[in-house]
Amino acid sequence: MPELPEVEATRLSFADRIAGAKVLSLHLGKSLRWPLGCATASLLGRNVQAVRRRGKYLLIDLDQGLLLLHLGMSGSLMFSSELAAPGKHDHFEMVTTHGTLRLNDPRRFGAVVYAASEEAPAARKLLDRLGMEPLSDDFSLVRFRAGLKRRKAAIKQVLLAGDVVVGVGNIYASETLFLAGIRPTLSAAKLTRPRVERLHAAIRDVLARALAGGGSTLRNFSSAAGEKGHFQLEAMVYAREGQPCRVCGTTIRCLRQGQRSTFYCAHCQKT
DNA sequence: AAAAGCCCCTGGATGC
DNA sequence: TGCATCCAGGGGCTTT
């Protein structure tokens, strides 16, 4: 479910409401990807100061230390003062004076990790490798181009890896490459300047539009306030194998790159 | 340093 | 209806 727009929409849906809250209890059930990294009791009484995002990680700042939270493939958050009883896949719960934050994650690829600070090893291990934020000013054309220049791997996989630019998941990787008219298998280093320009614009455009639409995706999504997104952007290629390209009618193809599906139009994305 | 594979886990869809 | 197989929006870790 969550690529950058969904993670950001999730953040926006509860950041203001939880800010200033005091932690009353904290519970990590069936283990997620890693252990929390501290005793839950040690977090009681701390205050939530803000919720930030870095890549697909949510950073919950406490007055001392922070929680890093990742939704993985199937995670979603709810924040409310009136939640129903926890279900089978609710693996993390933090009760605060402003409401209860709960992580539901069937596949358990998600994570909740405590770090004493953003410079602590527990945080750096996860954050250090992350590339530029696509919706921020530091995602400049010049830096994007420089980042791609030193990568010989296929552009689709470089986008997905997240060390040049973060937040582009498997759906948006296919979609942005279609919009930019670039073949997913092309080496990142070999992209011509105009192609890099088009890709740069496509990434910003698609992610910004998805976010503006309430952070919904091409599939299901609801924010931590339980609101569905209203993203009406239709997939041009994703999951459309065998169907006609919406632009030229050519049959959309699917290929495997690094154990993930890639969809593209061989006519609109010639090289 | 970079790239390629592997793996974590559950559920839904599909096919026999 | 039951069972096996395949696939899924992520990403850290280990091996080349």
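The analysis underlying the following values was restricted to heavy atoms, covering all of them including side chains, and did not include hydrogens, waters or symmetry mates.
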Engineer: Is any N or O donor-acceptor pair between the side chain of Arg107(A) and the base of dC9(B) shorter than 3.5 Å?
Structural biologist: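 Yes.
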Engineer: Indicate whether OP1 or OP2 belonging to dG11(B) is found under 4.0 Å from a side-chain N or O atom of His89(A).
Structural biologist: yes
Engineer: Fit a plane to each ring of Phe79(A) and Phe14(A), take the angle between them on a 0 to 90° scale, and name the class: parallel (under 30°), tilted (30 to 60°) or perpendicular (over 60°).
Structural biologist: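 Because their plane-to-plane angle lies in the 30° to 60° range, the rings of Phe79(A) and Phe14(A) count as tilted.
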Engineer: Just to be sure I understand the rule, does Arg260(A) reach a base, reach only the sugar-phosphate, or reach nothing, if contact means heavy atoms closer than 4.0 Å?
Structural biologist: base
Engineer: Name the stems that DNA chain B belongs to, where each is three or more consecutive Watson-Crick or G-U pairs with both distances under 3.5 Å?
Structural biologist: B:2-8 with C:10-16, B:10-16 with C:2-8
Engineer: Taking dC6(C) as the reference, what is the distance to dC6(B) when you measure between their P atoms (whole Å, please)?
Structural biologist: 15 Å
Engineer: Using OP1 and OP2 only, check whether a side-chain N or O of Arg33(A) sits under 4.0 Å from dG11(C).
Structural biologist: no
Engineer: Between Arg145(A) and Glu197(A), does at least one N-O distance fall below 4.0 Å, as a salt bridge requires?
Structural biologist: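 Looking at Arg145(A) and Glu197(A), the cut-off is not met.
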Engineer: For a quick check under 3.5 Å, do Lys152(A) and Ser187(A) share a side-chain donor-acceptor pair by atom type?
Structural biologist: no
Engineer: Under 4.0 Å: is that the gap between some side-chain N or O of His70(A) and OP1 or OP2 of dG11(C)?
Structural biologist: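 Indeed, a polar side-chain atom of His70(A) lies that close.
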Engineer: Between Lys152(A) and dA1(B), is there a contact of a side-chain N or O with OP1 or OP2 at under 4.0 Å?
Structural biologist: no
Engineer: What's the gap between dG11(C) and dG12(B) when it is taken at their P atoms, as a whole Å value?
Structural biologist: 23 Å
Engineer: With sequence neighbours left out, what residues match Arg124(A) under side chain to side chain contact (heavy atoms under 4.5 Å, CB included)?
Structural biologist: Asp128(A)
Engineer: Could you tell me whether the side chains of Ser76(A) and Asn104(A) share a donor-acceptor contact shorter than 3.5 Å?
Structural biologist: no
Engineer: Would one find a side-chain N or O of Tyr238(A) under 4.0 angstrom from OP1 or OP2 of dG9(C)?
Structural biologist: yes
Engineer: Check for me: is Phe109(A) stacked on dC9(B) by the 5.5 Å centroid and 30° plane-angle rule?
Structural biologist: no
Engineer: For Thr262(A) and Arg256(A), which I'm curious about, is there any donor-acceptor pair between the side chains at under 3.5 Å?
Structural biologist: no
